[in-house]
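The structure displayed is predicted, hence computed values, not measured ones.
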2 protein chains.
Amino acid sequence: MNEEEQKLNEVLMLFYFGYRTFTEKPDQMIEKYGIQRVHHRILFFIARIPGITVNDLLSIIEVSKQALNAPLRQLYEKGLITMVQADYDKRYKQLYLTEKGKLLESELSHVQHEQMKNIFTSLGGNHQEAWIDVMKELSRVRPGQKQFQALLKENLEK
Amino acid sequence: MNEEEQKLNEVLMLFYFGYRTFTEKPDQMIEKYGIQRVHHRILFFIARIPGITVNDLLSIIEVSKQALNAPLRQLYEKGLITMVQADYDKRYKQLYLTEKGKLLESELSHVQHEQMKNIFTSLGGNHQEAWIDVMKELSRVRPGQKQFQALLKENLEK
DNA sequence: CCATATAGGTCAATATGGTTGACCTAATTA
DNA sequence: TAATTAGGTCAACCATATTGACCTATATGG
């Protein structure tokens, strides 16, 4: 096996281990709320796009509506999100974080922010930019990512 | 929200989308073999450390032995791995890929290699090095990663 | 105004992925 | 010989997701 192959194998391994570390802390934190990683993802995306509809949210996360429904209801029951009938079309339900939800989401994001920030600053240079560039290339093809960008743009224009 | 926070939120999102793209192709490829991502991980680590024992493998992947047992048996039944009683201690079972297993593993790794290599070369500069540095920092704390490094070193010394 | 489409909810069946606890055999070691 | 270790297996449980089918409410186009 040549050196490039070895390096690429290291990349595969690092992706596995890196992602595991990345999700570890929030996973532990939300345990005591009786929720899981899906719920965290939902909170994250609602925080980025307040007022997002159910359909848009499931397009972003790329799961079926049945898979989203239960976690969404659980978040509602735990008082972490609210659902508001849209006045421009009563079929749509708009999702928002409650104050409690905002607090939890920001705590979870904060932990991950700190973790990544510490690494980026300790490595210095343009490590952050380079890492982002690589991950953007991977994300480019995701339908969910495209949907997210479109909604973000819409939100800014309003 | 300040600019740094926004950038860090982008990082969180990119990790989710990036990992999804990264695992997408192998997931599709192994479907027709009737196996899943766990099996792929097992094949990957056996390929890196031929003759690894069951216990060492589960330390690396960081799952319970019960979670590893079924996939391991399935891989054996499909003729992708072999299990050999170790002659230095008959309690240990050493795992190897069969020719068929080697072929599949290399196909799966190849797809991911190409995917990452294309991104690294298209971005150029030291994007690969920088990306690896960041992921290494995240992986550093993983018990499974430490175990993997120790076994790799052992293997080289033999 | 009616037919159709859309947003969302829900039930059921199915599969996968993982956990912990308990208990077993075989082999090794103190 | 007793205790430990590697590995296997059973059971109960829980979470994550799928597809298919069917429902209501609302909106919209002919």
Does B:Glu62 make a side-chain donor-acceptor contact with the base of C:dG18, cut-off 3.5 Å? no
When rounded to whole Å, the CG to C1' distance for the pair B:Leu68 and D:dT9 reads 14 Å
Checking D:dA17, D:dA21, C:dG17 against the side chain of A:Val38 (C-beta onward), the nearest is D:dA17
Got B:His113 and A:Val11 here, is their nearest side-chain heavy-atom distance under 4.5 Å?
no
- Message: Check A:Glu114 with A:Lys117, please: is the shortest side-chain N to carboxylate O separation under 4.0 Å?
- Response: yes
Checklist entry - Would you say a side-chain N or O of B:Ser64 is under 4.0 Å from OP1 or OP2 of C:dT19? => result yes
note: B:Asn55, atom CG; D:dT4, atom P; distance rounded to Å ~ 17 Å
* Asked: When you check the gap from the basic side-chain N to the acidic O, do A:Glu105 and A:Lys102 get nearer than 4.0 Å?
  -> no
- Do the side chains of A:Leu138 and A:Phe15 get nearer than 4.5 Å, heavy atoms only? yes
*Side-chain donor or acceptor of A:Gln66 under 3.5 Å from a matching atom on the base of D:dG20?*
yes
B:Gln36 atom CD is separated from C:dG18 atom P, nearest whole Å, by 10 Å
Whole-Å distance, A:Glu31 CD to C:dT20 C1', equals 13 Å
When rounded to whole Å, the CD1 to C1' distance for the pair A:Ile42 and D:dA15 reads 13 Å
- Counting heavy atoms not belonging to B:Glu77, are there more than 12 under 6.0 Å from its CD? yes
Against the side chain of B:Asn69, the closest entry in D:dT9, D:dT19, C:dT19 is D:dT9
B:Arg37 CZ to C:dG17 P, in whole Å, measures 9 Å
Per-nt protein contacts along nucleotides 23-30 of chain D (heavy atom under 4.0 Å; B base, S backbone sugar-phosphate only, - none) come out as ---BS---
In B:Lys146, B:Arg41, B:Arg142, the residue satisfying salt bridge (charged side-chain N to carboxylate O under 4.0 Å, His left out) with B:Glu62 is B:Arg142
To the nearest angstrom, the CZ-C1' distance between B:Arg41 and C:dG18 comes to 11 Å
Here the distance between atom C1' of C:dA15 and atom CD of B:Gln74, to the nearest Å, is 12 Å
Review point. Does a salt bridge link A:Lys7 with B:Glu129, judged by any charged N lying under 4.0 Å from a carboxylate O?
Key: yes
